[in-house]
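Taking it in order: structure first as structure tokens, then the write-up.
We name chains A, B, ... by the order of the sequence lines, and we start the count at 1 in each one. Values in this document were obtained by computation on a predicted structure and should not be read as measured data.
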Protein chains: 2
Amino acid sequence: MARAGLTPERITAAAVDLADEVGFENVTLSALARHFGVKDASLYSHVRNLQDLRTRMAFLAGGELIDRIAAAVAGRAGKDALAAFAGAYREFALERPGRYAATQIRIDQSLVADSPALRRTAEITYGMLRAYGLEEPDLTDAVRLLRSTFHGYCALEATGGFGAPRDVQRSWDKAVDALHIALRHWPREGQQNDD
Amino acid sequence: MARAGLTPERITAAAVDLADEVGFENVTLSALARHFGVKDASLYSHVRNLQDLRTRMAFLAGGELIDRIAAAVAGRAGKDALAAFAGAYREFALERPGRYAATQIRIDQSLVADSPALRRTAEITYGMLRAYGLEEPDLTDAVRLLRSTFHGYCALEATGGFGAPRDVQRSWDKAVDALHIALRHWPREGQQNDD
DNA sequence: CCCAGTTTCCTAGGTCCTCTAGGAAGCAAA
DNA sequence: TTTGCTTCCTAGAGGACCTAGGAAACTGGG
């Protein structure tokens, strides 16, 4: 029997492609085995189990996402950078739904520690916010707000959560505008803000 | 054999409880059958299939969520109402993770149309925003921003997405403050806003 | 109280998926 | 060529979803 030339990398790459087609949840080792013309059990020489595969998918997809964002943000600052970041993020989520879903799974904290993709993401995000002159802990709060809104919007959009006929792109642009304003007028630590 | 007294309602109630324990994805008809001391196949007299069950769970949990929010928001307005809404929302998501996850699944659009819970949710949300003096389409955009941020934050928090040591409750309060500011200074339709 | 009809739950079984154990075939280097 | 490692296989256990068809438990009318 000729060998199929499997490696963890090839399997993971096929898995994220499959995820974009059929949805992250529906990526199955059986389906991947069929794709490679191989028996289920053969995959277990390269991948420990389904959870291991999903973790690999998360790292692969996370790297691709931050690459796109980095390219979009490069050379921009302030609101420009924010809009570019947001645009790249949502584009990825819509174009590659399976990969995007992979980036959102819970990952063992011990594996997260030394992930270059995560470090890069943090660097770029914090760097982008430098223009707004925030300092810790406001900086972390602001990052969390941005991630939450971006992710929440894409998640709701993906699950068909927006029923109203209002154009989804326009709402997104408005949300980015609103976030920019919130960052400009950030309610700093220790400061009252009722107005 | 004594009957177990199954109904779609009892099954759904048990299902959301189980979801809070083991996670929405891990709610299985087999596990529910075991819980009722009954064979898998017996459940199919009351529930069409797994998807049907999940839809029922979504409606049940969605109703509970909006009930909590309504109680929290009642009698408040402006920033008070916003904070109450946000607090009730996040509390529900953290206390009842399985139920919360159920509210986020994709649901057939034809079933959504006449859901009282959804109508109530829309009423309360739009009502809360009345204080900010927004008009359509800004109103819809603002609702989408709020839903996105609330959901995104809870989702990221639930999957352990916030690694930094910064207190998660404080960041949440800050996010709500920031949203309040964004709503006060909303970038209205047709208006330039670079500052 | 008994009987017919309905509902509820069962057995049996098909399909698909995950994952393990152990064996054989391919490959590479001595 | 032989040795040993890796890759892929067969075999099979176990769990989940779901269907078809049958039996047991209820229900209401006579």
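Residue pairs satisfying the salt bridge (charged side-chain N to carboxylate O under 4.0 Å, His left out) criterion with at least one member in residues 161-172 of chain B, sequence neighbours excluded, are listed as follows: A/Asp141-B/Arg166, A/Glu189-B/Arg166, A/Glu189-B/Arg170. For the ring pair (Phe, Tyr, Trp, His ring centres under 6.0 Å) condition, the pairs that include at least one residue of residues 102-132 of chain B, sequence neighbours left out, are B/Tyr132-B/His180. A salt bridge (charged side-chain N to carboxylate O under 4.0 Å, His left out) check over residues 29-53 of chain A, counting only residues at least two apart or in different chains, returns the pairs A/Asp52-A/Arg56. Residue pairs meeting the salt bridge (charged side-chain N to carboxylate O under 4.0 Å, His left out) criterion with at least one member in residues 128-140 of chain A, sequence neighbours excluded, are A/Asp138-B/Lys174.
Partners of B/Gln51 according to the side-chain contact (heavy atoms from CB on, under 4.5 Å) rule, which considers only residues two or more places apart in sequence or in another chain, are B/Asn49. Scored by the side-chain hydrogen bond (donor to acceptor under 3.5 Å, both in side chains) test, A/Gln109 finds no partners at all (sequence neighbours excluded). Residues forming a side-chain hydrogen bond (donor to acceptor under 3.5 Å, both in side chains) with A/Tyr153 (at least two apart in sequence, or on another chain): none. In terms of the side-chain contact (heavy atoms from CB on, under 4.5 Å) criterion, residue partners of A/Arg96 (sequence neighbours excluded) are, by chain and number, A/Asp20, A/Arg68, A/Phe92, A/Arg99.
Here B/His46 reaches the OP1 or OP2 of C/dC9: one of its side-chain N or O atoms lies under 4.0 Å away. Regarding contacts with the backbone of D/dT7, every side-chain N or O of A/Ser45 stays at 4.0 angstrom or more from both OP1 and OP2.
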- prompt: How does protein reach along nucleotides 13-19 of chain C, written 5' to 3' as B (base within reach of a heavy atom under 4.0 Å), S (only sugar-phosphate), or - (no contact)?
  reply: ----SBB
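Taken residue by residue, residues 8-24 of chain B places no heavy atom nearer than 4.0 Å to DNA chain D.
Other cluster members for B/Phe59: B/Leu6, B/Ile11, B/Val16, B/Leu18, B/Val22, B/Phe24, B/Val27, B/Leu29, B/Leu32, B/Phe36, B/Val38, B/Leu43, B/Tyr44, B/Val47, B/Leu50, B/Leu53, B/Met57, B/Leu60, B/Ile105, B/Ile107, B/Leu111, B/Val112, B/Leu118, joined by side-chain heavy-atom distances under 4.5 Å among Ile, Leu, Val, Met, Phe, Trp and Tyr.
Note: NZ (A/Lys39) to P (D/dA11) measures 10 Å, nearest angstrom. Counting to the nearest Å, the C1' atom of C/dC10 and the CG atom of B/Leu6 are 13 Å from each other.
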Nucleotide N/O of nucleotides 2-7 of chain C paired with protein N/O under 3.5 Å:
| residue | atom | partner | partner atom | Å |
| --- | --- | --- | --- | --- |
| C/dT7 | O2 | B/Arg3 | NH2 | 2.8 |

- request: Please test A/Leu145 against B/Trp172 for side chain to side chain contact (heavy atoms under 4.5 Å, CB included), starting from the C-alpha separation and ending with a verdict.
  value: CA-CA 8 Å; A/Leu145 172 61; B/Trp172 174 260; over 6 Å; no
